[in-house]
Amino acid sequence: MDGDLGRFLRSRRARIRPEDAGLPAHGRRRVSGLRREEVALLAGVSAEYYIRLEQQRVRNVSDEVLDAVARVLRMDGTERAHLRRLLRPPEDRRAPASQVRPGVRMLLDAADSVPAFVLGPRMDVLAWNALADRITGFSAMPEGERNMARQTFLSPRARSLYRDWATVAAEIIAHLRLYAGRHPDDPLLGPLVADLSADPDFARLWEEHRVAEKTFGAKLLRHPELGDLDFAYETLALPGDPDLLVVMYTADPASPTGRTLARLRQDQGLSVRG
């Protein structure tokens with residue numbers, strides 16, 4: 001998306017206080033965080049050069065300069081990779097995979113002891129097993145709405161379903177931002193972001209330009225029929241299809257959530273949907 005490099009760098013500057021970077025903080029400041037001139041000083045480049053970098057008017061930026069800027073702005077590994085992609089868009093512009101291989105569907109079917117589903121481009125839900133459907137209701141959603149971002153920000157039930165809604169929302173936006181950096185030419189991403197921006201929380205969080213891989217964590221639900229469910233989740237990237245992610249919810253079998261899953265397995269036949 002045009003201008004994302006500058007907005008990303010400005011958002012990283014805004015989160016660092018001058019005193020944390022070893023600079024005096026006296027005087028009235030018109031911007032939060034570091035000024036562009038301060039970043040340039042700490043990175044060892046001219047202020048003019050850094051300003052041109054934020055404006056994306058510099059070509060052939062060296063790795064040394066990028067590393068210096070990333071160090072000053074305290075970027076983690078994911079943010080550093082995102083910075084490079086924004087400055088040097090990938091030459092391979094093939095559309096991301098949006099189909100689930102038969103073998104992956106069989107894998108979901110075999111994982112019949114835990115809820116499992118596949119996320120594709122833009123966080124579309126492409127396939128799921130019966131336990132995941134029982135927990136999330138994927139099959140009842142209209143096909144065009146089977147998207148985790150749409151459900152989180154535009155579905156009225158989401159804020160009551162997720163006990164940790166704010167955490168879920170931040171994670172989804174950070175992953176969607178990361179996807180945008182990897183696939184800046186995706187024609188469906190812009191319309192999705194436009195739709196989601198109708199929600200004020202999405203619009204605010206989207207402008208923070210946080211990026212993060214979807215890896216593992218906790219998912220705390222308040223299911224209207226099953227009550228409170230405390231899951232851990234793991235995310236597995238599919239070899240050969242890095243934009244397809246298998247997400248699996250797990251729970252200690254002796255926990256209340258684990259016992260609920262055991263009861264659900266007994267109550268229903270298991271199959272793959274989607």
Side-chain angles (χ1 to χ4, degrees), residues 92-152 155 157-158 161-162 168 171-172 174-176 178-179 182-183 186 188-189 192 212-221 223-226 229-274:
D92 185 356
R93 301 296 183 92
R94 289 177 297 179
S98 59
Q99 300 295 322
V100 178
R101 301 191 300 268
V104 176
R105 295 178 183 274
M106 293 176 65
L107 178 65
L108 293 182
D109 197 15
D112 60 3
S113 62
V114 296
F117 55 95
V118 176
L119 288 180
R122 303 166 300 277
M123 304 202 79
D124 289 334
V125 182
L126 302 180
W128 56 90
N129 66 10
L131 275 181
D133 194 27
R134 184 67 178 85
I135 298 299
T136 62
F138 288 137
S139 64
M141 299 175 188
E143 186 172 351
E145 296 179 13
R146 288 183 193 140
N147 176 283
M148 294 302 290
R150 285 189 182 278
Q151 288 300 313
T152 300
S155 171
R157 66 187 285 266
L161 175 65
Y162 295 117
V168 171
E171 289 176 349
I172 283 177
H175 181 71
L176 200 59
L178 192 66
Y179 174 85
R182 289 172 174 165
H183 298 283
D186 186 337
L188 299 180
L189 180 61
L192 173 63
E213 298 277 4
K214 185 171 179 61
T215 53
F216 61 90
K219 197 70 69 175
L220 308 178
L221 307 182
H223 195 278
E225 298 172 4
L226 303 174
L229 301 171
D230 294 9
F231 290 110
Y233 73 84
E234 296 286 343
T235 306
L236 310 173
L238 291 174
D241 288 321
D243 290 303
L244 300 187
L245 304 174
V246 177
V247 182
M248 308 182 82
Y249 288 177
T250 63
D252 184 335
S255 68
T257 300
R259 292 193 292 270
T260 297
L261 288 179
R263 187 177 72 252
L264 291 176
R265 288 195 299 272
Q266 293 175 350
D267 290 348
Q268 65 186 52
L270 299 174
S271 62
V272 177
R273 311 260 182 110

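Sequential numbering from 1 along the given sequence is applied to the chain's residues. The model shown is predicted, which means the values in this text are computed figures rather than measured ones.
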Partners of Glu225 by side-chain contact (heavy atoms from CB on, under 4.5 Å), sequence neighbours excluded?
-> Arg134, His223
Which of Tyr233, Trp128, Tyr249 passes ring-ring contact (aromatic ring centres under 6.0 Å, His included) with Phe117? It is Tyr249
Qualifying residues under side chain to side chain donor-acceptor pair (under 3.5 Å), relative to Asp241, sequence neighbours excluded | Arg101
With sequence neighbours left out, write down each residue that passes ring-ring contact (aromatic ring centres under 6.0 Å, His included) with Tyr179, or none if nothing qualifies.
-> His183
Under the 3.5 angstrom rule, does the side chain of Gln151 hit a backbone N or O of Arg146 as a donor-acceptor pair?
-> no
Note: Leu126 and Gly120 closest approach over all heavy atoms is CD1-CA, 3.7 Å
Sequence neighbours excluded, which residues qualify as side-chain contact (heavy atoms from CB on, under 4.5 Å) partners of Ala251?
-> Phe231, Ser255, Thr257, Leu261
Output, in order, the C-alpha distance, side-chain angles, deciding distance and verdict of side chain to side chain contact (heavy atoms under 4.5 Å, CB included) for Val104 and Leu244.
-> CA-CA 10 Å; Val104 176; Leu244 300 187; over 6 Å; no
Non-hydrogen side-chain atoms of Leu176 and Met148 separated by less than 4.5 Å = no
Do the non-hydrogen side-chain atoms of Leu119 and Val125 ever get within less than 4.5 Å of each other?
-> yes
Report the distance from atom CG of Leu161 to atom OG1 of Thr152, rounding to the nearest 0.5 Å.
-> 9.0 Å
Short side-chain to backbone donor-acceptor contact, Arg259 and Pro253, under 3.5 Å | no
Can any side-chain N or O of Asn147 pair as donor or acceptor with the backbone N or O of Arg122 at less than 3.5 Å?
-> yes
Residues two or more places apart in sequence or in another chain: which of them pass side-chain contact (heavy atoms from CB on, under 4.5 Å) with Leu178?
-> Thr78, His82, Arg85, Arg182, Val211, Glu213
Side-chain heavy atoms of Leu226 within contact of Leu221, under 4.5 Å = no
Just do the side chain to side chain contact (heavy atoms under 4.5 Å, CB included) check on Lys219 and Val247 with the steps written out, would you?
-> CA-CA 11 Å; Lys219 197 70 69 175; Val247 182; over 6 Å; no
So do His175 and Leu245 actually touch side chain to side chain, heavy atoms under 4.5 Å?
-> yes
Is there a side chain to side chain contact (heavy atoms under 4.5 Å, CB included) between Arg105 and Leu108 once you walk through the steps?
-> CA-CA 5 Å; Arg105 295 178 183 274; Leu108 293 182; 5.6 Å; no
Donor-acceptor pair, side chain of Asn129 and main chain of Val114, under 3.5 angstrom = yes
One should read off an interatomic distance between Leu107 CG and Asp109 CG, to the nearest 0.5 angstrom, of 9.5 Å
With sequence neighbours excluded, what pairs up with Thr136 under the side-chain contact (heavy atoms from CB on, under 4.5 Å) test?
-> Phe138
Answer yes or no: is there a side-chain heavy-atom contact under 4.5 Å between Thr250 and Pro115?
-> no
For the residue pair Met248 and Ala116, what are the closest heavy atoms and their distance?
-> CG-CB, 4.1 Å
